[in-house]
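These numbers were taken from a predicted model, which means no experiment stands behind them. Order of the sequence lines fixes the chain letters, A, B, ..., with proteins taken first and strands second; residue numbering starts at 1 for each chain. Any value given below was found using the heavy atoms of this structure, including those in side chains, with hydrogens, waters and symmetry copies removed.
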Amino acid sequence: MMNGFDDIPFFDEEPTARPAKPDPAPERPQAGAIPSGLAARAMAARQASAPRPTYLDGLNPEQLRAVETLDGPVLVLAGAGTGKTRVLTTRIAHILATGRAFPSQILAVTFTNKAAREMRERITHLAGEAVEGMPWLGTFHSIGVKFLRRHAELVSLRSDFSILDTDDVIRLLKQLIQAEGLDDKRWPARQFAQMIDGWKNKGLDPNQIPEGDARAFGNGKGRELYTAYQNRLIGLNACDFGDLLQHPIRILKNNPDILADYQNRFRYILVDEYQDTNTAQYMWLRLLAQRPKGKNPSPTHPHKGAGLDAPSTATGRNTRLADDDFPGSDPQVSSLPLVGRVGEGSSSHVNICCVGDDDQAIYGWRGADIDNILRFEKDFPGATVIRLECNYRSTAHILGASGHLIAHNEGRLGKTLFTERADPDDEKVQVHASWDSEEEARGIGEEIEQLQRQKHPLNNMAILVRASFQMREFEDRFVTLGLNYRVIGGPRFYERQEIRDAMAYFRLVCQPADDLAFERIINTPKRGLGDTTVRHLHDYARARDIPMLAAAGDMVETEELKPKARKSLYDVVVNFKRWSQLLESTPHTELAEQILEESGYTDMWKADKSAEAPGRLDNLKELIRSMEQFESMRGFLEHVSLVMDAEQNENMDAVSIMTLHSAKGLEFDTVFLPGWEEGLFPHQRALDEGGRNGLEEERRLAYVGLTRAKKRLHIWFVSNRRIHGLWQSTIPSRFLDELPEDHVEVAEVEQSYGGYGRNQYGQSRFDKQEPFSSGYSSPGWQRAQANKTDATRNNWGNRSGHQVERIGYGEAGPTGRVIQGELVAKSKVDTPSAFSVGDRVFHIKFGNGNIAGIEGNKLTIDFDRAGQKRVLDGFVEKV
DNA sequence: GTGTTATGGATTTTT
DNA sequence: TCCATAACAC
């Protein structure tokens, strides 16, 4: 099987020693010419006798080493809360300050826009304005776009290509699937979109995908469909997200001169969150991090004498370096006097610095390959590996608990975090048991209110859940309590229907070939242009290989359409023609408003009587407002396609609710982790689909959760949870067993709730809870343990009495406890229910009742006290 | 061409 | 249970 990067040579293929570089004596800056900020500090740094620059103050020895080891490959293993971002930003400041590179010669990649933004801000803070000229600081995707806009023609695109989001992609794929004569229900476009995404994450084009993969979809037509999709994208002058990396890789591979150009340009490469890189990103990095081949234009000092602040110091010019002014291309720059210690960075290795934490790799499911970080030293021979293990975030208890948990994973690079903080008042990690998710939400609400009474800001608290369905219960509870909360993640501004519709109008005006935009809005608002008309247009356009808008322009001249549709379509065509003409002459916000007005789009929502309509109109206004910050409509569209998020209201004091995934990188004084039950966390599907690796990723996710907390960490689990409308009894997460006793205690269960079901139908397992300090010996805990083995049979997705596959480590873990039932396979067989209608049964949560109906293994039961509920048959017993 | 009922599926998510 | 999407009737 081709892996797509056989032809990328390794770094050490060219072991030739670099020529000796000039090492000019630093010049003394001229009095009065000293600019503020970075340059001044840089100059100070350059003087042998001068004290070390202030931006290095306060770094610990490892951090300092990570900042100052500028030559050759460096892997910084930065544990949670060890100052990763600080190292990264200081390192860049240091490179700039020592004059080793221009801002435009540094490639710094992140995964999210947020991380890129933060990095830019912090470098600016450290280094002053010079960094605003860092054109190659951004996400993999934004850098990919920038590259691709320049070289689009090499992959048959025009530089004004549009970027499709997942929604567009799915609609397009659906068309293609139907065009192949396949049943789009049997072969869902959504699933195929994920497959394509997976292939692109691995850097595979249609010819390279494994035969098995190709056959697995669409009656064996996977490869044809993928090919057709790529062709269609070119036809649409569009890219999907994967292409933003795929196309650049292809361009770099096929054009050695371009590759060499960029290899020369990027003197320093920095990568954030390296553990999350996928294969394609790895390939791209590896291409760029190679030594230029062949006719090497003196890589040692490609820009003679171009120390960073040479221009700014000497002339005051160029404090903001434009995109293209990398040294050598600008005679003014390259003729400036030699100032910095240029060329010192040269060695036999490339200056790539990757920062990451293998213990926080939680994106395997979307193509991230944790092996990239585990393999670093092999990939980059002679690499310096620096471990940041001093944690500045959490208490010793939190650190102890999380470290103990993550130690259960195999295949780690291995770090042990420590803290210098030792406060006897720090509380241990608390584990709370509750009866069901409602009580869980109540309990956490109480705790929050308690903290609030002690004047702790809500902004410093967060609830981190495994799956987003868990959020609702908290929201409901907080609404009744009148407690401010903020949901992070969730549906985003630019994904709202009205925003996407409006954007489709704008897209079509800027890019008349954007058929997907055309199809989205041609009948929005309703114009009587339904499926049949669209199909006509589609066929016409396909037959002549022209965009649909153009086809519409043609067809209104013919008699093919019914008069009504024809008139309607004519109006649309004329409108778009007019708007396109106004594009250059009218201010873009004005034009945007005009488009939404004249198309009848805003009227559509004004006429809508539903509750959401006014909100949607507000959103449209907000959209126009946010356009103001951009120079043109095109610039705005580009921004939106890459930056899908819009900032939240941060002025309000509110508890944050989010998934564990979106919590990565954040920290809070108090963190609540609800839902630590088998099946939910670790999630059953992760176990089913990912096996041991899946479990380890779940454990890393748990580790991420634990390490978000600075002072207080409260973990909760429930005995009963409703999943897909069915009540199921649950058992505590195995991760709870993996927490060390000396840092954890079981919180007292407050009796005040008197929740329904609790004392009526028997005691909760944790009613008589004793703290962990007495060992895991409390009756409740023992019962839970007993239940655990027992309940494995009745576990999620498992039907009563089915066979259970046990794959254990077999060995005692660090707790000294044997982990059993490591993975619980999902049963696929539906055995007929052993119950019949009318049977009298007992359920642990709802008590006694009579079976009213049976569908497979799902029972509908009329309970004496709880009313009618649906439960799985495994959770009731005959009485 | 549009409004209403059935069906099925239901981690995690960035760009 | 609950949501989105899809087939169906008007």
K.L.:
Counting just side-chain N and O atoms, does Lys174(A) come under 4.0 Å of either OP1 or OP2 of dA6(C)?
P.N.:
yes
K.L.:
Spell out yes or no: do the side chain of Arg466(A) and the base of dT12(B) have one donor N/O and one acceptor N/O closer than 3.5 Å?
P.N.:
yes
K.L.:
Which is it for dT12(B), anti or syn, if anything within 90° of zero counts as syn?
P.N.:
anti
K.L.:
Rounded to whole Å, how long is the line connecting atom CZ of Arg721(A) with atom P of dT11(B)?
P.N.:
14 Å
K.L.:
Report the distance from atom CZ of Phe111(A) to atom P of dT14(B), rounded to the nearest whole Å.
P.N.:
13 Å
K.L.:
Counting only side-chain heavy atoms from C-beta out, which of dT15(B), dT13(B), dT11(B) sits nearest to Thr139(A)?
P.N.:
dT15(B)
K.L.:
Within this structure, what is the CE-to-C1' distance between Met658(A) and dT13(B), rounded to whole angstrom?
P.N.:
15 Å
K.L.:
Roughly, in whole Å, what's the span from CD1 in Ile143(A) to P in dT15(B)?
P.N.:
13 Å
K.L.:
Choose from dT15(B), dC2(C), dG3(B) the nucleotide whose nearest atom is closest to any side-chain atom of Phe241(A).
P.N.:
dT15(B)
K.L.:
Does a side-chain N or O from Asn523(A) land closer than 4.0 Å to OP1 or OP2 of dG1(B), or not?
P.N.:
no
K.L.:
In whole angstrom, give me the gap between the C1' atoms of dA6(C) and dT11(B).
P.N.:
24 Å
K.L.:
Hey, does the side chain of Ser468(A) come within less than 4.0 Å of dT11(B)'s phosphate (OP1/OP2), counting only N and O?
P.N.:
no
K.L.:
Using a 4.0 Å heavy-atom cut-off across all strands, classify Lys564(A) as base, sugar-phosphate, or nothing.
P.N.:
nothing
K.L.:
What's the CE-P distance between Met471(A) and dT11(B), to the nearest Å?
P.N.:
14 Å
K.L.:
Looking at dT13(B), dT11(B), dT15(B), which one has an atom nearest to any side-chain atom of Arg366(A)?
P.N.:
dT13(B)
K.L.:
Does this structure show an ion pair linking Lys567(A) with Asp571(A), if we count only N-O contacts that are shorter than 4.0 Å?
P.N.:
yes
K.L.:
Just the rounded figure in Å: distance from C1' of dC2(C) to CZ of Arg722(A).
P.N.:
10 Å
K.L.:
Just so I know, are the side chains of Leu157(A) and Ile234(A) near enough to count as touching, which here means a heavy-atom distance under 4.5 Å?
P.N.:
yes
K.L.:
Which nucleotide in the list dT13(B), dA6(C), dG3(B) gets nearest to the side chain of Lys185(A)?
P.N.:
dA6(C)
K.L.:
What nucleotide, of dT14(B), dG1(B), dA10(B), holds the atom closest to the side chain of Thr112(A)?
P.N.:
dT14(B)
K.L.:
Could you give the CG-to-P distance, from Leu561(A) to dG1(B), as a whole number of Å?
P.N.:
11 Å
K.L.:
Contact class for Glu698(A) vs. all strands (heavy atom < 4.0 Å): base, sugar-phosphate, or nothing?
P.N.:
base
K.L.:
By nearest nucleotide on DNA chain B, pick out whichever of His661(A) and Arg527(A) is the more 5' one.
P.N.:
Arg527(A)
K.L.:
Return the nearest nucleotide to the side chain of Thr532(A); candidates are dC2(C), dT15(B), dG1(B).
P.N.:
dG1(B)
K.L.:
Testing the 3.5 Å rule here: is there a donor-acceptor pair between the side chains of Asp688(A) and Gln684(A)?
P.N.:
yes
K.L.:
Under the criteria of a ring-centre distance below 5.5 Å and an interplanar angle below 30°, is His724(A) stacked with the base of dG9(B)?
P.N.:
no
K.L.:
Quick check on salt bridge (charged side-chain N to carboxylate O under 4.0 Å, His left out): which of Glu678(A), Glu440(A), Glu439(A) does Arg721(A) satisfy it with?
P.N.:
Glu440(A)
K.L.:
Rounded to the nearest Å, what distance is computed from the CG atom of residue Leu673(A) to the P atom of nucleotide dT12(B)?
P.N.:
17 Å
K.L.:
Answer yes or no on whether Arg366(A) is positioned over the face of Tyr363(A), meaning its NZ or CZ is under 6.0 Å from the six-membered ring centre and within 45° of the axis.
P.N.:
yes
K.L.:
Classify the ring geometry of His151(A) against Phe147(A): parallel below 30°, tilted from 30° to 60°, perpendicular beyond 60°.
P.N.:
tilted
K.L.:
Any side-chain N or O of Ser641(A) under 4.0 Å from OP1/OP2 of dT15(B)?
P.N.:
no
K.L.:
A cation-pi test, strictly: NZ or CZ of Arg149(A) under 6.0 Å from the centre of the six-membered ring of Phe161(A) and no more than 45 degrees from its axis. Yes or no?
P.N.:
yes
K.L.:
Does the structure show Tyr363(A) stacking with dT14(B), if we require the centres to be closer than 5.5 Å and the planes to be within less than 30 degrees of parallel?
P.N.:
no
K.L.:
How do Thr533(A) and Glu697(A) order along DNA chain B: which one's closest nucleotide is nearer the 5' end?
P.N.:
Thr533(A)
K.L.:
Over all strands shown, is Arg190(A) touching base, sugar-phosphate only, or nothing at heavy-atom distances under 4.0 angstrom?
P.N.:
nothing
